[in-house]
Number of protein chains: 2
Amino acid sequence: MLSKYLQIYEDLKQKIERKEIPSHTFLPSENELMTLYHSSRDTIRKSLSLLQQNGYIHTSKGKGSLVLDHEKIAFPVAGLTSFKELSHTLPGDVMTIVHCFEKIPVTTYLKKELYMQKGDVYHIERIRDIDGEKIILDIDYINAQVIPHLTKEIVQDSIYEYIENDLGLKVSFAKKEITVIQASDQEKELLDMDGFDLLVCVKSYTYLEDATLFQYTESKHRPDKFRFVEFARRSHMDY
Amino acid sequence: MLSKYLQIYEDLKQKIERKEIPSHTFLPSENELMTLYHSSRDTIRKSLSLLQQNGYIHTSKGKGSLVLDHEKIAFPVAGLTSFKELSHTLPGDVMTIVHCFEKIPVTTYLKKELYMQKGDVYHIERIRDIDGEKIILDIDYINAQVIPHLTKEIVQDSIYEYIENDLGLKVSFAKKEITVIQASDQEKELLDMDGFDLLVCVKSYTYLEDATLFQYTESKHRPDKFRFVEFARRSHMDY
DNA sequence: TAGTGGTCTAGACCACTAC
DNA sequence: TAGTGGTCTAGACCACTAC
């Protein structure tokens, strides 16, 4: 059961996406929304604040909440979304090849990345084939004490689905870093590099609800197929 | 005069950054913070919500607000920050070369990017030299009706400073896109490419407080010198 | 069971905008 | 001047956590 302010957020979001409320117009005022949704101003403001954070509207004092044109944004890449979830929004045919699946004792390097002292780690390498081209190499290291009993079948499908549906845990937040690296000879063999020498590397450290770090990932993308979109607000305090 | 909840946010943020409140410990509870800062729970919760959004803490029901280790994040690249502001946080010697500064009638291409029907546009190209290497090429197109009277001197220093301090306008939000592109021959001549063929291209559409689009930028970075960091939370509704 | 954060309400005062 | 969003308060009930 979604909370009231999330319901209102979802409702307004859909109306904006479906252009029932067109861009460059104003939302009803907070007072009007209060009577429309039978709720208090605080609840309405929570919903509006979410819309604002996600780039759907821009509110200004004395004026109201302006609907931004949302097409130009195309969100999905930002945030924390599994490849399986993302693949529904991709236009092409998507296939995953599990190139490597093993359980190994934690190495010195991984001890640092995963904040572990001892124990085992799953080492998983998956190649993402989109429309017949091998474009992405995902390398995952997962703490086997936190996420046990992984199998090749799970990994072929979706690790997040297993974590959230079968283990009943919740993936919560991640730190990500985007850089560009030289492709190794092995990577050039595994992927269809189409003459490129470089790869875009997205490193993620992913945490559960209780703030335990369970996953370190390097996701390597052929440079011409990489695109990242974000919506940023200027902070007028920090500088 | 900063509002109360922003003061509390800044205070807690500093204490976390200076490790007066160490990571992996809990903040005082909301009740305790209420008496500590002589404020209502709602005000405290606004401050905590900001800390949460920016990756400083992680709150869970029944437990409290856990301080995350923040060093591992290193924020500055995310958000909406001028190069001059960023340069204070860069380790090396930074220099800007204004390679092109002209006012031109809007072209067909720019009409689309800047949502303009007619009028003039400033076309600015700046090369960023860091520690003696020409690494970044910033190409700006700015609506001259919205931001008038630009000079080469302003552009050499900081456009945002001019907009905010001299014109009294406020830079508010931006949509950004990161891709990788082939460097043109001209770009290879302007920058010290060090053998690279590709550039990381960050396109931004930047808006003022009143939601007018005033700037379209392509910021092109030598791939080995590009790094982008973000903090992402998982949304448990959208998929 | 006591303490924690999550949600929701009702009311107040303010600065800003548009007229 | 009327309407708008921004801030702040006080109080209530809830589900979850740790013991």
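Numbers restart at 1 for each chain; the letters A, B, ... are given by sequence-line order, proteins then strands. Predicted model only: the values in this text are computed from it and were never measured.
Classified by interplanar angle (parallel below 30°, tilted 30° to 60°, perpendicular above 60°), the ring pair A:F173/A:Y207 is parallel. Classification of the B:F226-B:H221 ring pair by plane angle, with boundaries at 30° and 60°, yields perpendicular. The aromatic rings of B:Y216 and B:Y205 are tilted relative to each other, their planes meeting at an angle between 30° and 60°.
What you find for B:Q52 and B:F231 is that their closest heavy atoms are O-CE2, 4.0 Å.
Heavy atoms of B:K63 sit under 4.0 angstrom from primed sugar atoms or phosphate atoms, though from no base atom.
In DNA chain D, runs of at least 3 stacked Watson-Crick or G-U pairs (N1-N3 plus N6-O4 or O6-N4, or N1-O2 plus O6-N3, all under 3.5 Å) give these stems: C:1-18 with D:1-18.
Separation of atoms CD (A:E209) and CG (A:L169) is listed at 10.0 Å; rounding is to 0.5 Å.
When the nearest nucleotides of DNA chain C are assigned to B:N31 and B:D42 by heavy-atom distance, the more 5′-ward of the two goes with B:N31. Comparing A:I44 and A:G62 by the nucleotide of DNA chain C whose heavy atom lies nearest to each, the residue mapping closer to the 5' end is A:I44.
Along DNA chain D, the stretch of nucleotides lying under 4.0 Å from any heavy atom of chain B spans, 5' to 3', D:dT7 to D:dA18.
Applying the ring-ring contact (aromatic ring centres under 6.0 Å, His included) rule to B:Y141 yields the partners B:H123; only residues at least two apart in sequence or on another chain are considered.
Ion pairing of A:D140 with A:R126 is present here, as a side-chain N (NZ or NE/NH1/NH2) and a carboxylate O approach within less than 4.0 Å.
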Check against side-chain hydrogen bond (donor to acceptor under 3.5 Å, both in side chains), B:N31 and B:S29: CA-CA 5 Å; B:N31 272 308; B:S29 75; 5.0 Å; no

